[in-house]
Amino acid sequence: MRVFIACLGTETNTFSSLPTGEQTFRDTSYFEGDATRHAPTPFTQPLHIWRKRAEERGHEVVEGLCAFAQPAGRTVRRVYEDYRDRILAQARAALPLDLVLVNMHGAMVAEGYDDCEGDLLARLRAVAGPDTVIGGELDLHCHITPGMLEAATALVTYKEYPHVDIGERAEDLFRLCHDAAEGRTRPAMAAHDCRMISMWRTTAEPMRAFVADMKALEGRDGILAVSFGHGFPWGDVAEVGAKTLVVADGDAAKAAALAADLGAHLWAMREETRPTALGIDEAIDRALAADSGPVVLADVSDNAGGGAPSDSTFILQRLLARGVRDAASGLYWDPVAVRFCMEAGEGARLRLRIGGKCGPDSGEPVDLAVTVERIVANAAQTFGAVRNRIGDAVLVRTEGGLDLVLNSVRTQVFHPDAFEAVGLDPAAKKLVVVKSTQHFHADFAPIAKEILYVAAPGAIAPDFAAIPYTSRALPWWPRVEDPWAE
Ligand SMILES: [Zn+2]
């Protein structure tokens with residue numbers, strides 16, 4: 001059997017003014033066909049798994065481009081077309097192919113392409129032919145589109161948010177597609193639009209049970225895979241929104257019926273699963289009133305993983321105005337401030353302008369007298385089983401005793417070691433602010449006294465009723481109370 005593997009993705013916040021071009025891919029994850037010869041990252045991990053599983057069965061593996069960009073605005077057209085066309089040329093050169101596996105995001109939008117994954121899969125189908133099994137792994141923050149369903153043999157999304165199951169889902173997709181390529185199954189897919197736009201945290205009930213239910217349905221009664229695509233709210237495309245997706249063996253009607261059942265279940269849980277968040281001062285009050293720390297405040301509106309700039313100062317300004325000490329905050333994406341600190345050196349005291357540089361969603365920049373406590377070039381943090389680059393990182397301390405971590409590669413906080421990398425122990429602080437929506441949860445929960453989600457202003461403030469879509473045709477909750485009424 002001949003197997004082709006590749007990766008192309010990003011999560012596009014179409015409301016963001018930050019362009020996604022070649023540099024963003026190169027800063028995040030970019031390999032010209034040798035990703036599996038390097039240590040796995042969150043973006044290359046599926047390719048490692050697919051190669052291993054294929055080779056242990058004696059199959060021949062051809063590896064194509066692996067490019068993934070930290071979320072931001074629309075991908076530059078020529079960059080998307082160049083990457084796509086390289087993958088197509090690599091697949092064409094590898095023909096004939098029995099199996100094609102692609103790691104994608106599912107919410108990638110480029111200039112001129114609202115559905116990059118649908119476009120890529122359709123072109124791969126044209127290259128590989130009708131009999132080749134084509135499988136795609138998607139982030140659960142995806143737009144599941146008719147184009148993707150039409151072109152792929154099977155799609156599988158992550159089930160967990162935080163995404164701690166990227167590797168497990170890669171294993172699932174391999175097994176499913178390998179069975180199909182060997183003729184043991186005939187996957188048929190169906191999706192159901194839940195008419196909901198929201199976010200679901202799978203760390204708490206009732207979503208924990210929903211994830212367990214999805215897993216329990218798989219592998220019996222002809223059900224090959226069950227996914228819940230939560231959707232990515234900040235993509236202004238026709239197919240934005242939550243969708244359930246089922247792959248059944250040879251029976252599209254069965255897949256459609258189960259997808260609708262699961263959608264009804266999610267609809268019934270909508271109020272219970274609606275993500276809660278506090279105002280900035282309310283959250284600070286609760287943290288200060290706690291007996292001990294750390295109380296972790298999640299700045300969900302400035303998560304780089306959702307295309308936000310990661311340099312907003314709304315919470316920082318309140319911490320400063322209220323004279324909060326014994327607190328830490330990061331990661332502020334501020335390559336200019338990092339450069340000044342590196343120029344000045346460890347121990348230097350300087351006046352530094354921090355954050356607020358990318359646009360109105362960043363808030364006002366803050367001018368502070370700081371001491372440069374620590375500088376680390378090429379730092380990294382842990383994300384699940386792999387490492388994530390944060391670039392050059394600097395710890396600065398304000399005169400008021402606030403510790404801030406600034407970095408040069410835009411990314412969210414995944415793990416306490418994003419702070420530990422610059423010699424700061426977040427467990428020893430009373431209050432810790434992390435710029436992340438939910439991925440931080442997996443590794444901060446064990447050290448946190450309490451976790452509070454904060455709805456500060458910002459690029460991805462969690463107000464789903466107010467997102468100004470121009471492309472979605474169907475009504476959605478919570479914009480309307482009952483989108484099924486009409
Ligand atoms: Zn995601």
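First listed ligand is number 1; within each ligand, the first listed atom is number 1.
Among the atoms of His163, an N, O or S atom falls under 2.8 Å of the Zn ion (ligand 1). Taking backbone and side chain together, Asp139 holds an N, O or S atom under 2.8 Å from the Zn ion (ligand 1).
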The test is salt bridge (Lys or Arg N to Asp or Glu O under 4.0 Å); show your working for Glu168 and Lys159 and say whether it passes.
CA-CA 10 Å; Glu168 265 180 87; Lys159 288 183 169 66; over 6 Å; no
Ring pair (Phe, Tyr, Trp, His ring centres under 6.0 Å) between His141 and Tyr161, intermediate numbers included
CA-CA 9 Å; His141 296 113; Tyr161 185 37; 4.4 Å; yes
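Between the side chains of Tyr83 and Glu81, no donor N or O sits under 3.5 Å from an acceptor N or O.
Taking the Zn ion (ligand 1) as reference, the nearest N/O/S atom within His141 carries the name ND1.
Relative ring orientation between Trp484 and His192 is described as parallel, the plane-to-plane angle staying below 30° on a 0-90° scale split at 30° and 60°.
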